[in-house]
K.L.:
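Structure provided below as structure tokens; questions to follow.
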Amino acid sequence: VKQRIGLLFGGCSGEHEVSIASARAIAEALAKDGNDNAYEVRLVYIAKDGSWHGPETAEQVLQTAEPLVTRGNGGATLARLPVLEQVNQIDVWFPILHGPNGEDGTVQGVLTLMQQPFVGSGVLGSALGMDKIAMKMAFAQAGLPQVDYMAVNRSQVWSNACVLPKLCDRIEAQLGYPCFVKPANLGSSVGISKVRSRDQLETALDNAASYDRRLIVEAAVTAREVECAVLGNDMPQASVVGEISFDSDFYDYDTKYTAGQAALQIPAPLPETISRQIQAYAVQAVQAVDAAGLARVDFFYVETTGQVLINEINTLPGFTATSMYPRLWQASGLSFPALVDRLIQLALARARETP
Ligand code: ATP
Ligand code: MG
Ligand code: MG
Ligand code: MG
């Protein structure tokens, strides 16, 4: 009997296009024959306005890679969610949504309420993994080393004229320049700026505040960027470590998604002790936020001091054939289709656990 997989993609987030690309790759792997588990794929698409669409529209979006043009007030009506219509026709859901409204526990909450098995982290792991402020608090509690940072609320940025200068004074005193300004809940570097002056800081805060109520400002480190993939539920395993190199100022959206801008080196040329350190931290990071199934953990390696700092966790990392997550597993001996297979089995195993 074929297992019916509900592939949920798109999403009301700045990473909508990335999700379409990830879903294409996963749909292709699921459709591939040649492994014992043949799957039947049911597509559900969430448009940028938050409206949900069934197989016909979803298929078209997946084929053309063109987001559905919506009029902008589609917020999902619970009674009309395709999820509800398909609840009895799906064996496992695979939400491949990046960023808010999908990677953050919201969709995981709907699926949990519906008692549907799904790939990846539950509500807590997703929410803690998405919010960089909450994530850093969990990492600190677990003893993981990270950069100095400050939590900022949008109200401080958009308030009357006397609050913002005081905030900037505090950022300059505590973190200095250069520093990174980020929306707390996003990904793909959307809304992130590296700033070197008061002027740039004010602009960056205003820009980040347009994406999220919660912002984070971090001291900048000069370091190599390395990532590790984690797979599993309560006893997760770490992949080999990969490194990203690029010429741009930092690993921004264009560098991530323009072909030829970034080079991935797998495995990363690192001393054995450093690789092991990173793998151990990656597993600890997954456990610190209670992630499950899959996660990609991003690190800074300061070569001059030998220091490894954790940057962040992504509980639904980019998942195209050329994305870091599947490539790290491929280099660790697990092919793309075998990885997708394994994730579905992990989802079923979690659903079978006693609550
Ligand atoms: P992802 O697409 O991996 O989810 P993201 O949007 O969550 O990314 P981060 O990983 O936090 O964003 O940061 C994006 C990039 O910005 C990093 O890969 C790095 O190049 C740069 N960067 C972020 N924070 C720092 C920092 N504190 N010091 C130096 N570089 C940084
Ligand atoms: Mg991220
Ligand atoms: Mg991300
Ligand atoms: Mg990152």
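When a ligand or atom number is given, it counts from 1 through the structure's own listing order. Position 1 is the first residue of the sequence; numbering continues from there.
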K.L.:
List the steps, then state whether side-chain hydrogen bond (donor to acceptor under 3.5 Å, both in side chains) holds for Y39 with D91.
P.N.:
CA-CA 10 Å; Y39 298 109; D91 298 305; over 6 Å; no
K.L.:
What protein heavy atom sits nearest atom 15 (C) of ligand 1, and how far off is it?
P.N.:
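For atom 15 (C) of ligand 1, the nearest protein heavy atom comes out as Y251 O, 3.7 Å.
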K.L.:
Determine whether S22 and T320 satisfy the following criterion, side-chain hydrogen bond (donor to acceptor under 3.5 Å, both in side chains), listing intermediate values before the conclusion.
P.N.:
CA-CA 5 Å; S22 295; T320 70; over 6 Å; no
K.L.:
Is there a ring-ring contact (aromatic ring centres under 6.0 Å, His included) between F118 and F94 once you walk through the steps?
P.N.:
CA-CA 6 Å; F118 60 92; F94 198 140; over 10 Å; no
K.L.:
Applying side-chain contact (heavy atoms from CB on, under 4.5 Å) to V297 and E227, what does each step give before you reach the verdict?
P.N.:
CA-CA 6 Å; V297 189; E227 301 184 343; over 6 Å; no
K.L.:
Tell me, which protein residue and heavy-atom name are nearest atom 18 (O) of ligand 1, and how many Å apart are they?
P.N.:
E225 OE1, 2.6 Å
K.L.:
Looking only at protein heavy atoms, which one is nearest to atom 8 (O) of ligand 1, and what is the separation?
P.N.:
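Here the nearest protein heavy atom works out to K256 NZ, 2.9 Å.
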K.L.:
Which residue pairs satisfy the salt bridge (Lys or Arg N to Asp or Glu O under 4.0 Å) criterion with at least one member in residues 12-31, sequence neighbours excluded?
P.N.:
E17-K48
K.L.:
Which bit of T222 is near ligand 1, meaning a heavy atom under 4.0 Å away: side chain, backbone, both or neither?
P.N.:
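Near ligand 1, T222 shows nothing, with every heavy atom at 4.0 Å or more.
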K.L.:
Polar contacts were defined as any N/O atom of the residue lying under 3.5 Å from an N/O atom of the ligand; does this apply to Y257 and ligand 1?
P.N.:
no
K.L.:
Heavy-atom distances under 4.0 Å are what count here, so tell me which part of A219 touches ligand 1: side chain, backbone, both or neither.
P.N.:
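Contact part for A219 vs ligand 1: backbone (N, CA, C, O).
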K.L.:
Is there a side-chain hydrogen bond (donor to acceptor under 3.5 Å, both in side chains) between Q60 and E56 once you walk through the steps?
P.N.:
CA-CA 6 Å; Q60 191 193 325; E56 259 174 46; over 6 Å; no
K.L.:
With a 4.0 Å cut-off on heavy atoms, is Y149 touching ligand 1?
P.N.:
no
K.L.:
Provide the number and element of each atom of ligand 1 under 4.0 Å from a heavy atom of V221.
P.N.:
28 (N), 29 (C)
K.L.:
Check the orientation of F9 and Y45. Use parallel for under 30°, tilted for 30 to 60°, and perpendicular for over 60°.
P.N.:
tilted
K.L.:
Mind checking what makes ring pair (Phe, Tyr, Trp, His ring centres under 6.0 Å) contact with Y149, not counting sequence neighbours?
P.N.:
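Testing Y149 for ring pair (Phe, Tyr, Trp, His ring centres under 6.0 Å), a comparison that skips the adjacent residues, returns none.
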K.L.:
Which heavy atom of the protein is the closest neighbour of atom 16 (O) of ligand 1, given with residue, atom name and distance?
P.N.:
F250 CD1, 3.2 Å
K.L.:
Of the choices L186, N314, I192, D249, which has the non-hydrogen atom that lies closest to atom 4 (O) of ligand 1?
P.N.:
N314
K.L.:
I'd like to check which ligand 1 atoms, numbered from 1 as shown, lie under 4.0 Å from a non-hydrogen atom of N311.
P.N.:
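It comes down to these atoms of ligand 1: 9 (P), 10 (O), 11 (O).
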K.L.:
Could you identify the single nearest non-hydrogen protein atom to atom 14 (C) of ligand 1 and state the distance to 0.1 Å?
P.N.:
S189 OG, 3.3 Å
K.L.:
Considering only NZ, NE, NH1 and NH2 on the basic side and carboxylate oxygens on the acidic side, decide whether R296 and D298 come within less than 4.0 Å.
P.N.:
yes
K.L.:
State whether the side chain of Q265 and the backbone N or O of I244 hold a donor-acceptor pair below 3.5 Å, judged by distance alone.
P.N.:
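Absent.
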K.L.:
G187 heavy atoms, cut-off 4.0 Å: which ligand 1 atoms fall inside?
P.N.:
2 (O), 4 (O), 5 (P), 6 (O), 7 (O)
K.L.:
With side-chain hydrogen bond (donor to acceptor under 3.5 Å, both in side chains) as the test, would you mind laying out the steps for S197 and Y177 before giving the verdict?
P.N.:
CA-CA 7 Å; S197 68; Y177 297 118; over 6 Å; no
K.L.:
Under a 3.5 Å distance rule, please check whether S189 uses its side chain to pair with a backbone N or O of I192 as donor and acceptor.
P.N.:
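Not confirmed, S189 side chain does not pair with I192 backbone.
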K.L.:
Have a look at ligand 1 and work out which part of F180, if any, has a heavy atom under 4.0 Å from it: side chain, backbone, both or neither.
P.N.:
side chain
K.L.:
Strictly under 4.0 Å, does any heavy atom of K194 approach an atom of ligand 1?
P.N.:
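No, that is not the case, since the closest heavy atom of the residue is not under 4.0 Å from the ligand.
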K.L.:
If you take the nearest heavy atom of each of E15, E227, K132, which one is closest to atom 5 (P) of ligand 1?
P.N.:
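Among E15, E227, K132, the closest heavy atom to atom 5 (P) of ligand 1 belongs to K132.
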K.L.:
Quick check: E218 and ligand 1, any N/O pair under 3.5 Å apart?
P.N.:
yes
K.L.:
Please could you name the atoms of ligand 1 that A220 approaches to less than 4.0 Å, counting only its heavy atoms?
P.N.:
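Near A220, meaning under 4.0 Å from one of its heavy atoms, ligand 1 has 28 (N).
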K.L.:
Judged by atom type as modelled, is there a donor-acceptor pair below 3.5 Å linking the side chain of Q116 to the main-chain atoms of M114?
P.N.:
yes
K.L.:
Listing by chain and number, what protein N/O/S atoms are under 2.8 Å from the Mg ion (ligand 3)?
P.N.:
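N314 OD1, with waters left out.
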K.L.:
Record the part of H98 in heavy-atom contact with ligand 1 below 4.0 Å; permitted values are side chain, backbone, both and neither.
P.N.:
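It is neither; nothing of H98 touches ligand 1.
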K.L.:
Charged N to carboxylate O under 4.0 angstrom, R196 versus D249?
P.N.:
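A salt bridge is present here (some side-chain N lies under 4.0 Å from a carboxylate O).
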K.L.:
Under the side chain to side chain donor-acceptor pair (under 3.5 Å) test against Q89, which residue among E40, R4, R42 passes?
P.N.:
R42
K.L.:
Distance under 4.0 Å to a non-hydrogen atom of K182: what atoms of ligand 1 satisfy this?
P.N.:
9 (P), 11 (O), 13 (O), 23 (C), 24 (N)
K.L.:
Could I get the full list of side-chain hydrogen bond (donor to acceptor under 3.5 Å, both in side chains) partners for D169, not counting sequence neighbours?
P.N.:
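With neighbours one apart ignored, the set is R198.
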